[in-house]
Amino acid sequence: MFQPWTTSLEAIAATFHGVAIVCTVLRLSYRYYITQLWWEDMWAALSLAFDVICFVCALLDRPKTNYSLAAERVEFWLVSIAFPCVLWFARASILCSLIRVTNPGGGLRHVVYGTGISFIIMFIGILAQRIYVCEQYHCNIPDFVAITQLITDIFSDVMLVALPLLVLRRIRLPKSQKILVLLSFSAAIFISAVTILHSAVLFGPNSSGIIVIGHVKAAISLIVCNLLVLVTLAYRACGFEDMDGERNSETVMFTSIEPEQLGADCSRSPSLSIVMRNSMVSAACD
């Protein structure tokens, strides 16, 4: 069984989850304010909902001596199911952001959508595996689960880092602004770093460290999926719309981030909000 859950571990888990929750609420509020909510925000909201469950479990966890076995089992079930949901919904949000930002074409479109399908398959497999483990092993993670988790996590995080490097090459933005976008996507590498650490402790004896690293991993994944929107918000709030003087009329249109906010020229291609507004006006006239 796990070692007692201490106050310091509770503080670590609660802090990471608190930051993730605040970031996501800020992100969703901003996206709602600018009327740009889309699929990426839906996945972020779902990830937020399960992260709240993790947050509550971290606060309510108590040493075994003060905790009934029934309550402990319910908590293990909740955490075991919520962890992968937070992680994979956050990855889905990142992937949807990439699709909307770049609108990939040709072979890259098949690669991106194929990656999304593989994410769905891996998530279903991981979730089914978690349910089986909680039923057969009382939520104690055996080695084969740790191996599966390590492989799927590294594959998915590598894809989330590699795909933006491929598809963002055709977006014509000032260099400094493109770096901001790339860094926002490439932050998924932090999830891999925590994944490796988590897998290392999973192969060792059971301890409360497994749970706290799981909490940190889930929270970081949610924070990372919000970075693109939050970086854009900070970029705009600091008044850096014209950070670079150069413009380019062939800029690909953004939805997670607005091209006007990053100083891109929108003279040839109308933004999504303008297209939607014109469509609504046309429909009203008809």
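Position 1 is the first residue of the sequence; numbering continues from there.
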**Request:** Mind running side chain to side chain contact (heavy atoms under 4.5 Å, CB included) on Tyr30 and Leu230 for me, showing each step along the way?
**Result:** CA-CA 9 Å; Tyr30 172 66; Leu230 296 181; over 6 Å; no

**Asked** Other hydrophobic cluster members with Val22, side-chain heavy atoms of Ile/Leu/Val/Met/Phe/Trp/Tyr under 4.5 Å, chained?
**Response** none

**Message:** Just to verify, what does Ser118 make a side-chain contact (heavy atoms from CB on, under 4.5 Å) with, not counting sequence neighbours?
**Reply:** Thr115, Met122, Phe155

Could you give the side-chain donor-acceptor pairs of residues 44-55 under 3.5 Å, partners two or more places apart or in another chain?
from: Ser47; atom 1: OG; to: Val86; atom 2: O; distance (Å): 2.9
from: Asp51; atom 1: OD1; to: His17; atom 2: ND1; distance (Å): 2.8
from: Asp51; atom 1: OD2; to: His17; atom 2: ND1; distance (Å): 3.3

**Item:** Leu98 side, atom CG; Ile94 side, atom CD1 - distance, nearest 0.5 Å
**Value:** 10.0 Å

**Asked** Can you get from Ile223 to Val216 by hopping between Ile, Leu, Val, Met, Phe, Trp and Tyr side chains that sit under 4.5 Å apart?
**Response** no

**Message:** Treating Arg27 as the side-chain partner and Val229 as the backbone partner, does any N or O pair qualify as donor plus acceptor under 3.5 Å?
**Reply:** no

**Asked** Between Arg31 (side chain) and Gln36 (backbone), is there a donor-acceptor pair under 3.5 Å?
**Response** yes

**Residues that Leu166 engages under side-chain contact (heavy atoms from CB on, under 4.5 Å), provided they are two or more places apart** = Leu108, Arg169

**Pairs flagged by salt bridge (charged side-chain N to carboxylate O under 4.0 Å, His left out) wherever residues 144-160 is involved - sequence neighbours left out** = Arg91-Asp153, Arg91-Asp157, Asp153-Lys217

**Request:** Following the transitive rule for hydrophobic clusters with a side-chain heavy-atom cut-off under 4.5 Å over Ile, Leu, Val, Met, Phe, Trp and Tyr, establish whether Leu222 and Leu37 coincide in one cluster.
**Result:** no

**Item:** Beyond-backbone contact of Leu95 with Leu163, side-chain heavy atoms, under 4.5 angstrom
**Value:** yes

**Asked** For Trp39, is the NZ or CZ atom of Arg100 found under 6.0 angstrom from the centre of its six-membered ring and inside 45 degrees of the ring axis?
**Response** no

**Asked** Are any non-hydrogen side-chain atoms of Ile131 and Trp77 less than 4.5 angstrom apart?
**Response** yes

**Item:** Heavy-atom pair of closest approach, residues Ser221 and Ala90
**Value:** O-CB, 3.4 Å

**Request:** Starting from the C-alpha separation in whole Å, work towards a yes-or-no answer on side chain to side chain contact (heavy atoms under 4.5 Å, CB included) for Phe16 and Ile12.
**Result:** CA-CA 6 Å; Phe16 275 92; Ile12 294 173; 4.0 Å; yes

**Asked** Are Leu127 and Leu78 co-members of a hydrophobic cluster defined by side-chain heavy atoms under 4.5 Å apart?
**Response** yes

**Request:** Kindly assign one of parallel, tilted or perpendicular to the pair Phe89 and Phe123, based on the angle between their ring planes and the thresholds 30° and 60°.
**Result:** tilted

**Request:** Give the cluster check for Val25 versus Leu28: same hydrophobic cluster or not, with ILVMFWY residues linked at side-chain heavy-atom distances below 4.5 Å.
**Result:** yes

**Request:** Sorted by first residue and then second, give each salt bridge (charged side-chain N to carboxylate O under 4.0 Å, His left out) pair with at least one member in residues 109-129; sequence neighbours left out.
**Result:** none

**Complete:** Looking only at heavy atoms, the pair that brings Asn226 and Ala20 closest together is ND2-O, 4.2 Å

